Amino acid sequence: MTRAIWTLFKKDLLLEIRQQYSFYGILLYAVSTLFVLYLSMDTPEPRVWNGLFWIIQLFICINAVAKGFLQESRGRWIYYYTLAHPVTIVLAKLLFNVLLMAAMSVISLGLFRLFLGAPYLNAGLFMGIVLLGGISLSLVFTFLAAIAAKAQQNAAILAILGFPLILPQLILLQQISSAQFSAGAANDWVPVALLLALDGLVVVLASILFPFIWKE
Amino acid sequence: MPAVPSYMHRSWWKITGIVLLTYTITAGLLGPVPKLPLLQETIRNLYFHVCMWFGMMILFTVSVIQAIRYLRKMDRRYDLASRHYAGAGMLFGVLGYSTGMIWAAFTWADPNISFTDNFSTIARDPKLIGAAVSLLVYVAYLVLRDSIPDIDRRARISAVYNIFAYAILFPAIWILPRVMESLHPGQDGNPALDVKNDISSSMRIVFYPAVIGWTLLGVWIATLRIRMEQLKEKQLDS
């Protein structure tokens with residue numbers, strides 16, 4: 001099973017490396033959104049910075065993750081059907097999207113640092129929070145993209161399905177990250193643990209529920 | 001095969017519901033309540049507003065159980081039941097949110113500025129966020145359902161979304177107020193109500209029957225809509 005996941009993951013990675021337009025597409029999306037933000041406002045105060053950062057992360061995530069399932073054609077699904085177990089497929093997709101979103105998170109944090117300043121105090125710790133956030137967002141949206149793909153819908157429905165569901169995670173993330181803006185605030189591990197628990201829950205649910213939707 | 005089991009057609013639980021709600025409304029509006037500062041007589045809203053929230057949770061839970069049963073048995077009547085229990089839950093959610101708004105307008109809102117100016121501050125309360133988010137999730141559920149033309153695929157995918165959303169949302173709704181309160185203690189001195197400790201015994205004897213009564217009403221609405229839907233389908237078949 002681990003080998004099957006690894007093979008499927010490598011397939012996605014190879015596809016990504018060969019058709020780089022999609023990666024650069026997301027990158028361009030991140031850069032241009034950020035540049036519009038940069039031109040429409042001065043260096044924002046920390047609270048605003050925090051809100052903007054996570055909203056932009058959310059939009060990047062939707063764009064990055066959506067195509068993971070939506071790009072697969074019907075013929076390819078039938079081909080997978082003969083080859084692999086659904087759980088391996090969904091786990092491989094989750095793994096790939098987690099890595100993709102982790103990379104995008106680091107890049108967008110760098111861009112935010114350059115254009116909109118850095119209200120956080122400890123860069124290393126904040127990077128960890130951003131990675132955690134990217135992973136949480138990508139897990140939820142990967143499974144929702146599977147639902148959207150099977151409903152034969154486009155990425156628009158992904159936003160409708162995902163925004164309300166991701167709100168609890170987003171609130172937790174904003175709390176964790178805003179605690180990094182003032183020197184006095186103690187590190188609170190409860191929200192981090194809750195986020196990790198939610199992430200685990202999403203992975204478990206995705207592996208239980210995906211077999212029900214992947215058949216035509 | 002009917003989606004509503006035949007024992008649900010019996011009238012005793014509907015009569016119980018009517019009796020309990022009659023009791024709720026009379027005893028709720030006329031019975032003794034403690035005179036608390038700020039809350040005053042608005043405390044009677046407890047019998048309506050809080051019960052809507054309870055009823056919504058129970059109905060959504062029934063909906064997700066029906067969704068699980070659908071995925072296990074692949075029988076369309078469970079899908080129908082899941083859809084309409086979710087609908088009844090949403091009705092309760094909307095009523096709960098609006099009764100909450102009315103209540104907040106008299107207790108939490110700053111009387112010096114209009115309620116609409118005040119609303120953005122009030123809506124930040126974790127419980128209100130939870131209520132708004134769960135309504136949005138179930139509206140998304142309905143949008144997703146209606147966007148799929150094929151009946152079986154619609155049933156399967158919406159059942160999966162229902163379970164996924166429920167499993168993510170409900171832990172979050174219970175967790176968020178605790179996390180947010182720990183970061184924002186005191187809630188700026190606003191009167192917050194703790195059901196277990198703050199309700200006097202004279203109110204509890206109305207409150208618990210009220211919860212049961214309203215929930216029975218919700219179940220009644222859902223079963224009626226399921227049966228109506230089935231009759232419509234029967235008409236199409238013949």
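Order of the sequence lines fixes the chain letters, A, B, ..., with proteins taken first and strands second; residue numbering starts at 1 for each chain. Everything numeric in this text was worked out from a predicted model, so none of it was measured.
Closest of all the heavy-atom pairs between B:R153 and A:K150 is NH1-O, 2.6 Å.
Contacts of B:S98 classified as side chain to side chain donor-acceptor pair (under 3.5 Å), with partners at least two apart in sequence or in another chain: none.
In terms of modelled atom types and a separation under 3.5 Å, the side chain of B:R154 and the main chain of A:A151 share no donor-acceptor contact.
A 6.0 Å sphere centred on NZ of A:K10 holds no more than 12 heavy atoms belonging to other residues, nucleotides or ligands. Within 6.0 Å of CZ on B:R72 lie no more than 12 heavy atoms contributed by other residues, nucleotides or ligands.
Only one option out of B:L71, B:I163, B:I157 pairs with A:F212 in a side chain to side chain contact (heavy atoms under 4.5 Å, CB included); it is B:L71.
In this structure, no portion of A:F163 lies under 4.5 Å from any heavy atom of chain B. Only the side chain of A:I157 comes within less than 4.5 Å of a heavy atom in chain B; its backbone stays farther off.
Taking non-hydrogen atoms and a 4.5 Å limit, the residue list of residues 196-210 of chain A in contact with chain B, ordered by number, reads A:L198, A:L201, A:V202, A:L205, A:L209. Along residues 131-146 of chain B, the residues that come nearer than 4.5 angstrom to chain A, judged on non-hydrogen atoms, are B:V133, B:L136, B:V137, B:A140, B:V143, B:L144 in order of number. Residues of residues 84-92 of chain B lying under 4.5 angstrom from chain A, judged on non-hydrogen atoms, do not exist.
Taken from CG in B:L169 to CG in A:L165, the straight-line distance is 6.5 Å, to the nearest 0.5 Å. Annotation: the span from B:I168 atom CD1 to A:L167 atom CG amounts to 12.5 Å, rounded to 0.5 Å. The line from CD1 of A:I213 to CZ of B:F164 is 10.0 Å long, rounded to the nearest 0.5 Å.
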